[in-house]
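Contents: one structure, followed by commentary.
Residue numbers run from 1 in the order of the sequence given.
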Amino acid sequence: MTKRILLAGGYGVVGAQVAALLAKHHPETEILIGGRREKEASALAASLGLAAAAIMDVTKPEPMRELDGIDAVGCFIHETDDHLLREAARRGIPYMDITRGQEAQMRGLAAAALLLPAAPALFTSHWMAGGPAIVARRLSEGLEQVQRIDMSILYYTGDKMGPDSASAGEGMARGFTAKVGGAWQAVGPLSDERRVRFPSGALRPVYRMNMGDVTTLALANGAREAGVRLGLDKGTALGTMQRLIELGLWGLLMKLPGMSAIAATKPGPGAPHEIVIEVEGEAGGRKKNRRATILAPLGQSHLTAVGALYALERIAELGPAPLGAGAALPETGFTMAGFARLSALYEAEGIALRLEGI
């Protein structure tokens with residue numbers, strides 16, 4: 001049966017790529033490009049074939065009230081009041097989103113727990129829509145104990161991104177909680193510097209950062225220690241920022257006119273994206289070291305879009321790892337068949353995924 005899928009913000013940098021991927025991998029699907037800008041939505045819809053524009057405003061209650069027959073909805077814009085989530089839960093429509101920060105993700109999970117939706121509500125505001133988190137879960141499969149799991153990211157300063165992603169750097173100067181030495185502990189921003197070699201051969205320093213993955217890497221894999229670290233392809237901006245934070249000067253600097261915008265990573269014309277995931281554990285009384293590398297030649301927005309497509313497949317029952325009703329995260333209901341599907345999507349889209357030690 002043909003599925004009718006609504007993409008709220010479907011003409012944005014990531015949303016438009018998701019729409020194109022959905023049309024490519026599931027050409028029988030009817031796609032609705034939702035948003036307030038009818039001209040942009042209509043232009044994209046015309047280029048996709050089985051698609052149409054759907055005028056909607058997620059800042060208003062019941063943004064889907066004029067739409068019928070929706071089988072699933074993906075949200076690719078900030079939902080500050082959760083109107084779309086609430087309406088989807090009330091109407092029993094499967095829902096997923098990728099644009100929530102830590103606090104908004106917690107709010108969404110709490111809302112879903114209270115609303116008791118009769119359909120899945122999948123929150124994938126992890127790094128690259130949760131694809132790397134699923135790869136990490138695969139690395140931990142079969143281990144009796146996981147001592148450490150680390151995700152290191154090499155961000156290219158010339159990479160392309162949308163306005164929601166461009167503001168992600170603003171919270172990098174705040175401390176957070178991570179699993180360290182078997183206990184949840186407060187860690188400093190941009191702390192615990194390490195040097196990691198990425199799949200391109202680049203050896204770069206990386207520093208702790210806060211993402212939803214920081215929590216779920218530990219919980220989903222039973223790890224005694226888990227972290228997410230970020231490095232840049234060139235320059236020493238993160239190291240300089242770390243030193244300013246340690247000296248207590250970063251907060252003062254951010255009060256100067258225009259500095260908060262400078263702190264956020266600026267979007268560029270496009271560049272690759274690289275990730276290294278390392279797992280240390282035990283199986284059968286023997287120590288195991290496992291590693292995965294991801295190299296996305298088309299950059300982080302494309303890698304995010306592929307992860308979002310996989311999430312849409314899960315909520316709309318278009319793939320081998322469908323989700324049941326209720327709140328879910330990328331690692332929820334992990335199966336080897338589901339991982340194989342994500343791997344196949346990566347391969348089909350030219351994203352190099354390599355697993356070592358398994």
Side-chain angles (χ1 to χ4, degrees), residues 13-15 17-18 20-22 24-25 74-76 96-100 105 120 122-141 149-155 159-162 164-165 168 198-199 209 211-217 220-221 226 228-230 272-279 290-316 318-323 328-355 358:
V13 172
V14 173
Q17 292 182 74
V18 175
L21 289 170
L22 190 57
K24 173 183 176 180
H25 291 276
C75 186
F76 301 99
M96 61 79 63
D97 66 31
I98 68 166
T99 59
R100 294 174 181 266
Q105 176 126 313
L122 175 56
F123 299 94
T124 63
S125 295
H126 290 49
W127 197 255
M128 306 296 103
I134 295 168
V135 174
R137 178 66 184 80
R138 170 63 185 94
L139 288 180
S140 296
E141 187 73 4
I149 183 164
D150 276 309
M151 181 189 299
S152 298
I153 299 154
L154 182 60
Y155 181 80
D159 204 352
K160 177 173 60 177
M161 65 174 71
D164 289 339
S165 298
F198 289 89
M209 66 177 292
M211 289 289 301
D213 309 75
V214 171
T215 301
T216 66
L217 282 175
N221 301 287
V228 177
R229 292 174 177 81
L230 178 69
H273 192 72
E274 302 186 55
I275 300 172
V276 173
I277 304 168
E278 300 168 293
V279 173
R290 297 176 175 179
R291 189 173 187 263
T293 61
I294 301 172
L295 175 58
L298 298 182
Q300 63 92 24
S301 67
H302 178 247
L303 183 57
T304 299
V306 176
L309 172 65
Y310 176 71
L312 279 171
E313 288 187 348
R314 298 193 72 191
I315 66 167
L318 293 172
L323 286 166
L329 293 165
E331 301 96 331
T332 300
F334 173 86
T335 65
M336 293 296 285
F339 170 76
R341 173 57 183 166
L342 177 66
S343 299
L345 286 174
Y346 276 4
E347 183 177 7
E349 291 301 318
I351 299 164
L353 170 63
R354 182 178 179 183
L355 306 181
I358 61 174

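Under the salt bridge (charged side-chain N to carboxylate O under 4.0 Å, His left out) criterion, E141 pairs with R137, sequence neighbours left out. Not a single ring-ring contact (aromatic ring centres under 6.0 Å, His included) links H126 to another residue, sequence neighbours left out.
Smallest separation of non-hydrogen atoms from G307 and A129: C-CB, 3.7 Å. Of all the heavy atoms in G338 and A321, the pair that sits closest is CA-CB, 3.7 Å. Closest non-hydrogen pair, L342 versus G131, comes out as CD2-O, 3.7 Å. Closest approach of G299 and H273 over heavy atoms only: C-CB, 3.9 Å. Considering every non-hydrogen atom in both F76 and L312, the closest pair reads CZ-CD1, 4.4 Å. Contact between A311 and M96 at its shortest, heavy atoms only, is CB-CE, 3.6 Å.
Between M211 and M209 the shortest side-chain heavy-atom distance falls below 4.5 Å. Side-chain contact check for L345 versus E313: some heavy-atom pair is nearer than 4.5 Å. Here the side chains of T293 and L353 are not in contact, with every heavy-atom distance at 4.5 Å or above. When side chains are defined from C-beta on, L295 does not count as touching F198, because their heavy atoms never get closer than 4.5 Å. Contact check for P330 versus T216: no side-chain heavy atoms found under the 4.5 Å cut-off. Within the 4.5 Å cutoff, no side-chain heavy atoms of E278 are placed close to those of I149. Using a 4.5 Å cut-off on side-chain heavy atoms (C-beta onward), L21 and V18 make no contact. Considering only heavy atoms from C-beta on, I277 stays 4.5 Å or farther from L217 through its side chain.
Tested against W127 for a side chain to side chain contact (heavy atoms under 4.5 Å, CB included), the candidates L303, I275, T304, V214 yield a single pass: I275. Tested against I153, the residues V276, L230, D213 include a single side chain to side chain contact (heavy atoms under 4.5 Å, CB included) partner, L230.
In this structure, a donor-acceptor pair under 3.5 Å is absent between the side chains of Q17 and H302.
R290 contributes a side-chain N or O that, together with a main-chain N or O of L139, makes up a donor-acceptor pair within less than 3.5 Å. A side-chain donor-acceptor contact under 3.5 Å links S125 to the backbone of T99. D97 places no side-chain N or O within donor-acceptor distance of the main-chain N or O of F123, the cut-off being under 3.5 Å.
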Quiz prompt | Stepwise side-chain contact (heavy atoms from CB on, under 4.5 Å) test for F339 and V135 | solution = CA-CA 7 Å; F339 170 76; V135 174; 4.1 Å; yes
Quiz item: Going through the distances and angles, do R138 and E331 end up as a salt bridge (charged side-chain N to carboxylate O under 4.0 Å, His left out)?
Solution: CA-CA 10 Å; R138 170 63 185 94; E331 301 96 331; over 6 Å; no
Exercise. Check the pair R341 / M336 against side-chain contact (heavy atoms from CB on, under 4.5 Å), numbers first and verdict last.
Key: CA-CA 9 Å; R341 173 57 183 166; M336 293 296 285; over 6 Å; no
Practice problem: Determine, stepwise, if the pair L323 / T332 fulfils side-chain contact (heavy atoms from CB on, under 4.5 Å). | Solution: CA-CA 8 Å; L323 286 166; T332 300; 4.1 Å; yes
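The salt bridge (Lys or Arg N to Asp or Glu O under 4.0 Å) pairs that include a residue from residues 292-309 number zero, where partners must be two or more places apart or lie in different chains.
Separating the SG atom in C75 from the CZ atom in R100 is a distance of 7.5 Å, to the nearest 0.5 Å.
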